[in-house]
Every structure is written in structure tokens, then in C-alpha cells.
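First the structure, in the form of C-alpha cells, and then the observations on it.
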There are 2 protein chains.
Amino acid sequence: MEARHLRYAVALAEHEHFGRAAGELGIAQPPLSKQIADLEREVGARLFDRTRQGVFPTAAGEAFLARARRALDEIAAATVDAGRAARGETGRLRLGFIASALLDPLPGVLSRFGRERPDVRLELHEMATSRSSPALVAGELDVAFTLGPPRGAGAEHLVSVPVGHDHVIAVVSTVHPFAGQQAVSADQLRRQPLIVSAGEDEPAVVAGLRTLLGTDSSALGGATAARDVHTIIGLAASGVGVGLGPSRMRAVPRPGVRFCDVTPRTPLPDLVLSFAARDHSPVLRAFLDTIRKNCPDVGAALNDRLRHHT
Amino acid sequence: MEARHLRYAVALAEHEHFGRAAGELGIAQPPLSKQIADLEREVGARLFDRTRQGVFPTAAGEAFLARARRALDEIAAATVDAGRAARGETGRLRLGFIASALLDPLPGVLSRFGRERPDVRLELHEMATSRSSPALVAGELDVAFTLGPPRGAGAEHLVSVPVGHDHVIAVVSTVHPFAGQQAVSADQLRRQPLIVSAGEDEPAVVAGLRTLLGTDSSALGGATAARDVHTIIGLAASGVGVGLGPSRMRAVPRPGVRFCDVTPRTPLPDLVLSFAARDHSPVLRAFLDTIRKNCPDVGAALNDRLRHHT
DNA sequence: CATGGCGATATCTTTGAGGTATGGCCAGCA
DNA sequence: TGCTGGCCATACCTCAAAGATATCGCCATG
């Protein structure tokens with residue numbers, strides 16, 4: 001049985017007349033008669049009563065037509081749904097990100113993406129760089145914000161694009177002596193109780209701080225450890241010490257704290273967007289496009305990537 | 001787009017391999033490649049990723065396949081449903097009947113039919129013969145039990161089959177003097193307070209009673225009128241008088257009453273089963289078949305009718 | 001570098017959908 | 001009662017396209 005048979009039966013039921021139904025279908029009457037006869041033979045039951053007054057479905061015909069109409073609706077919807085999925089209007093995006101990404105690029109990116117693609121299901125997973133890389137390789141994530149380029153086995157199958165540069169800044173309570181300063185020096189910091197990251201991404205941050213304070217610095221050893229940037233800011237606000245973290249902390253103004261530059265300017269690993277090189281999913285492409293529109297200093301690699309698939 | 005395209009896409013998704021899917025479909029690999037290519041062109045999106053590891057649906061393909069599977073399910077169900085409807089296993093039967101039919105043939109017929117055709121929706125409408133005939137002609141009923149053959153305009157398009165003969169019997173309270181008698185005479189009845197039908201089918205019954213009691217009988221004029229046989233029996237049980245009604249009253253034994261034959265035996269119009277002559281509905285046929293199996297003294301016309309359609 | 005497996009392409013064959021002409025049937029009508 | 005017209009079915013032909021066979025190009029293996 002073919003969709004043609006369903007279309008012909010539905011048209012015949014609608015027009016109650018072989019000739020007019022055939023005309024509507026753009027075919028002649030004899031082929032329609034034959035197709036309906038073939039259909040009735042295949043179904044094993046008479047589907048239409050041919051009377052002098054018109055052609056009307058039998059009980060079997062009514063039962064058949066109800067299913068036929070639903071089948072035709074599904075077929076029509078199949079094309080529509082496939083088109084929407086192909087354009088990235090529907091689907092799913094599994095996004096991994098480090099906690100600090102929630103400060104700066106994510107709020108803007110997610111709200112814009114949610115507006116542009118309301119029917120895409122977003123799955124957000126906060127995770128350290130060390131976990132998101134294998135998840136991308138294994139296909140458990142579609143895209144991830146990581147601290148520095150992804151590392152580990154299979155990383156060569158990932159594309160990485162820096163979406164923002166980063167350096168160390170300090171955060172202090174408004175009543176702290178540093179609060180009025182534009183910048184604080186490494187020397188000043190060495191004489192303060194410090195609050196630093198202790199999350200899984202710690203090594204990268206600690207490396208930056210060692211560069212800043214000197215490898216012999218004992219200040220780092222006595223520093224308070226916090227799991228993520230939000231905790232660092234909170235502890236600094238309550239006067240526990242001077243928080244040190246990525247410059248993206250500035251993106252979330254918060255009463256009770258001030259941010260200070262740190263001299264010398266100490267770079268941290270870039271915030272990087274990674275995804276599988278062979279992932280051509282239109283939803284991913286749409287997400288990358290949103291990133292490009294939302295992050296002015298996005299790397300050239302992303303533009304290349306987008307141009308490549310347009 | 002044809003059902004073939006859906007079947008091929010589903011098979012390809014299942015086997016993840018053009019060659020094996022084609023083998024399963026009973027065709028060679030090149031035609032399958034072409035059909036899938038045609039499908040992708042018509043949908044306007046790539047539906048499968050051909051990789052070295054296998055053939056996998058894209059996001060668009062997944063969306064398409066979900067709809068395709070449902071469409072194919074509907075198509076398969078269409079044939080099944082049509083077959084069931086053609087065999088009269090599903091559908092609807094609108095049955096009109098006079099109240100007294102509830103006494104005798106209906107309980108057995110309906111319980112048997114309900115067991116044999118559990119998926120047929122039964123619509124029961126108690127109505128007088130004068131109403132069921134036009135309803136049958138207008139197609140608002142499928143079949144009806146009437147008192148005597150249907151009358152009125154269009155009755156020639158109806159088939160009528162007597163399903164039981166009927167005559168007048170008397171019903172009295174167990175404490176009534178008649179209670180011990182096998183039969184009562186017209187003379188005895190003329191000297192008793194009577195309870196007779198006053199429903200829409202009254203004329204037929206009254207005509208029978210006039211035959212019994214004589215047209216000059218004043219007893220009928222003073223009789224208590226009851227709308228249906230159940231009321232006649234109830235009034236007789238409470239001692240209001242002697243109930244006169246169809247012999248089918250006997251089918252419902254009820255404590256507190258006795259039934260007596262009436263002499264001379266006075267026939268009433270037969271209980272008749274009627275339906276539209278051109279109605280070949282399988283549900284109707286199944287119902288007639290049940291009637292035949294349940295009513296031993298069914299008319300030859302019904303057997304003819306059933307044989308005609310076997 | 002050779003090999004084998006896989007999907008795409010080219011070309012031919014054959015099925016069957018659809019067109020035209022016509023037949024059979026029945027209601028309406030003179 | 002025979003005629004006529006409308007309607008669906010049948011007969012037969014045509015041609016598009018589904019499918020078969022042969023082959024190519026590609027790439028991951030050894």
C-alpha cells in the first residue's frame with residue numbers, strides 16, 4: 001500500500017464522486033477507479049458504496065479513512081519536522097561549562113539563544129575542563145566552555161576557539177584599604193590574607209598566581225581555598241581577605257565588593273569554546289553563530305568554521 | 001512522497017547499512033541509495049550521515065523517522081481496522097424497540113450480542129412503532145423491534161421479519177380469585193376492573209382487546225390506563241385490577257403476580273424486527289445472525305436475508 | 001601500496017501508474 | 001417503452017520511474 005492510495009481514498013470520500021475527485025487529484029477517472037479497486041482488494045473489504053446518489057464510505061471505509069487521514073498528516077509533518085530540525089530550530093544542545101563562564105559570556109549567550117531558538121532544549125552541565133573534554137570526545141556533550149584548550153585523549157578531534165582573554169584581578173570588601181585603589185601590586189598582595197580557587201580547575205589558576213607572586217611565595221600556602229568564583233567573591237565581601245580570580249568576575253556587579261586590577265597584569269588561560277570537529281549539527285551551528293554575535297573578541301577560527309558551513 | 005520512502009528510511013535507520021537494509025527490503029542496494037537520495041532531495045535536508053562506521057540518521061533524520069514510523073503504524077492499523085469493521089467486529093448499532101421487547105427477546109439477544117461483539121457500541125432507544133419506522137427510513141436507526149410491520153411513508157424500503165407471535169394474557173395479584181385459574185374467559189374479564197396499555201402503541205392493543213371483549217364492551221372504557229407493560233404488572237400486583245397485555249409479560253417472573261391465559265385466544269400484532277432493505281452493514285448482519293440464533297421461531301425472511309449475504 | 005568493503009553512478013529492463021476509448025448499467029424522461 | 005445522459009468499470013496503450021546489473025570512487029584496513 002502506498003501513500004497514493006490513502007490520498008485517493010481521502011479525496012474520493014471528500015468529493016463523493018469518482019470524476020470530480022479525479023479532477024481534483026489531477027488524474028483521469030479510470031486510474032482513480034483502478035487505484036481504489038486495488039486498494040479495496042488489498043484491504044480485503046469494500047471501502048466505498050457506489051450508489052446512484054454518490055460514492056460513500058462503508059463502515060470499513062470510515063475506519064480506514066480515519067487512519068488514512070492521520071497517516072497523511074504524519075507524512076506531511078515528517079517533512080516539516082525534518083526541515084525545522086535541519087535548520088536547527090528544534091533539537092537539543094548539551095552544554096558543559098566551567099563555573100566562571102556563568103559570570104560573563106553565558107547569561108547573554110543563553111538568553112539570546114533562548115530567544116532565537118525557543119524550541120531547542122538546552123541541557124546545562126557545570127563541569128571542570130578536565131571532565132568536559134572527554135565528554136565532548138565521547139559525544140556526551142555538544143559544546144563546552146573550558147579553561148584553556150581541551151586536553152587529554154581524543155582532544156585532536158575537537159575544535160577550540162578562544163572566546164575571551166582573561167587575567168588575574170583582585171576582589172575586596174568595600175571597607176578594605178584596597179577598595180579605593182585602581183590597582184594593587186604583587187608586593188601588596190603578598191602581605192594580605194588571600195582567597196584563591198580550589199576547584200578542579202585550580203592548577204591553571206594557581207600557575208597564574210605563582211607567576212604573579214613568585215614561586216617562593218608563602219602567601220599562597222596560607223591562602224583560603226574556595227571551590228568557585230562565587231565563593232571567592234562572597235568571602236572577600238565578608239572581609240576574610242583579598243580574593244584573586246579571573247577578570248570575568250567584574251561582569252557581575254555586587255554590592256559590598258570592589259574589583260582592583262593587579263600589577264603586573266597576569267594572564268590566565270583563555271576561556272575557550274570547544275566542540276567535536278565532525279559535529280555538523282545545525283543546532284550547534286546556530287549556537288556558534290549566537291556566540292559570534294554575542295562575543296566581540298571571538299577568535300578567527302570560529303568565523304572560519306561558520307563560513308565553512310554557510 | 002510515498003510510503004515506500006518511509007519504509008526504506010526506517011529500514012536503513014534500523015540496519016545502519018545500505019546493503020543489508022536493501023537485502024531486508026528485498027531490493028538491491030543501488031535502488032535504495034537512489035530512493036533515499038530522492039527522499040532527501042524532496043525533504044530538503046540530509047537525513048542520514050554516511051560514515052565509515054555505518055549509516056546514522058542526522059537530527060533531521062531522527063525527526064523524520066519519528067513521524068515516518070507513526071505514519072507506517074497508522075497505515076498498518078488502517079487495514080486492520082477496516083477488516084474488523086468489515087467483519088462487523090467494531091462499529092455502532094442503533095436499536096429502537098417497544099417497551100415490551102425489553103421483556104422477552106432483548107435481554108437474551110443483547111447479552112449474547114454483547115458477548116459476541118464486545119467492541120460494537122450499542123445505542124438503545126425505547127420508542128413506539130410509529131416513531132421507529134420513520135427513524136429507520138431516515139437512517140437514524142439501524143434496526144428496530146416494532147409492534148406489527150412498520151407503517152407510513154418509506155416503509156416499502158424496510159424489511160420486516162416477525163420474530164415472535166403474541167396474544168393477550170391476563171396478569172393478577174397472587175391473592176386475586178383468578179390466581180389459581182389456568183385461564184380466564186372474556187365473560188369473567190368483563191366483570192373486573194381492567195388495566196390496559198395507554199402508550200403510543202395503544203391502538204394495536206386496544207384493537208385486540210375489543211376483539212376479545214366485544215366492541216360494545218363498557219369494561220374497556222372504565223379500564224385503568226398504564227404507559228407500559230411494567231406498569232401494568234405493577235398495578236396488577238398491588239390489586240388495582242386485572243392487567244391485560246402481551247403474552248411476553250410471562251418472560252419476566254415476578255413475585256406477587258400470576259399470569260393466566262385468556263379465552264378465546266386473542267392474537268396481538270406480531271413483534272417484528274425491521275431494518276432498511278439496502279443496509280448491508282456487517283454489524284447489522286451480525287445482529288440479525290444473533291437474533292436468528294436466539295429466537296427459535298424467527299421468520300423465514302430473516303434466514304433468506306442472512307443466506308443472501310453469506 | 002594493495003585490498004576489500006561500501007555507497008554512488010550509469011545504463012538497461014520492466015513494472016505499473018495514468019491516459020484514451022469504450023462498455024454496461026440505471027434513472028429520468030418523452 | 002425506448003432514448004438519453006451520467007457515472008463507474010473495463011480494455012488497451014504509453015511512458016515514467018522503480019529496480020536490476022555493472023562499475024566507479026573512496027577510504028580504512030593489512
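Below, all heavy atoms of this structure are taken into account, side chains as well, without hydrogens, waters or symmetry copies. Note on naming: letters A, B, ... go to the chains in the order of the sequence lines (proteins, then strands), and numbering restarts at 1 for each one.
Proximity of A:Ser33 to the phosphate of D:dC8: no side-chain N or O atom is located under 4.0 Å from OP1 or OP2. At least one side-chain nitrogen or oxygen of B:Arg50 sits closer than 4.0 Å to the OP1 or OP2 atom of C:dA8. Phosphate contact (OP1/OP2 of C:dA17, side-chain N/O of A:Gln35, threshold under 4.0 Å): present.
Among the nucleotides D:dC26, C:dG7, D:dC8, the one closest to the side chain of B:Arg52 is D:dC26. When the nucleotides D:dT21, C:dT20, C:dG19 are ranked by their closest atom to the side chain of A:Ile27, C:dG19 comes out on top. Nearest nucleotide to the side chain of A:Arg4, out of C:dT9, C:dG18, C:dG7: C:dG18.
In this structure, B:His17 atom NE2 and C:dA8 atom C1' are separated by 14 Å, rounded to whole Å. One can place CD1 of B:Ile36 at 14 Å from C1' of D:dA18, the figure rounded to the nearest angstrom. The separation between A:Asp38 atom CG and C:dA17 atom C1' is 10 Å, rounded to whole Å. For the pair A:Leu6 CG and C:dA17 P, the interatomic distance rounds to 14 Å; values are reported in whole Å. Rounded to a whole Å, the CD atom of B:Gln29 is 5 Å from the C1' atom of C:dG7. A:His15 places its NE2 atom 17 Å from the C1' atom of D:dC8, with the value rounded to the nearest Å. When the P atom of D:dA17 is taken as reference, atom CD of B:Glu2 falls 12 Å away, rounded to whole Å. One atom, NZ of A:Lys34, and another, P of C:dT20, lie 17 Å apart when rounded to the nearest Å.
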**Request:** Verify side chain to side chain contact (heavy atoms under 4.5 Å, CB included) between A:Arg92 and A:Val120, making sure each step is shown before the conclusion.
**Result:** CA-CA 5 Å; A:Arg92 181 183 61 166; A:Val120 171; 5.8 Å; no

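For the pair A:Thr129 (side chain) and A:Leu147 (backbone), a donor-acceptor distance under 3.5 Å is present. Judged by distance alone, the side chain of A:Asp270 and the main-chain N or O of A:Gly148 form no donor-acceptor pair under 3.5 Å.
No salt bridge links A:Asp81 with A:Arg84; every basic N to acidic carboxylate O contact stays at or beyond 4.0 Å.
Residue contacts for B:Gly26: at a heavy-atom cut-off of 4.0 Å it reaches the sugar-phosphate backbone alone, with no base atom in range. B:Tyr8 comes within 4.0 angstrom of sugar-phosphate atoms only, judged by non-hydrogen atoms across all strands, and of no base.
The ring of A:Phe113 has its center closer than 6.0 angstrom to the ring center of A:Phe287.
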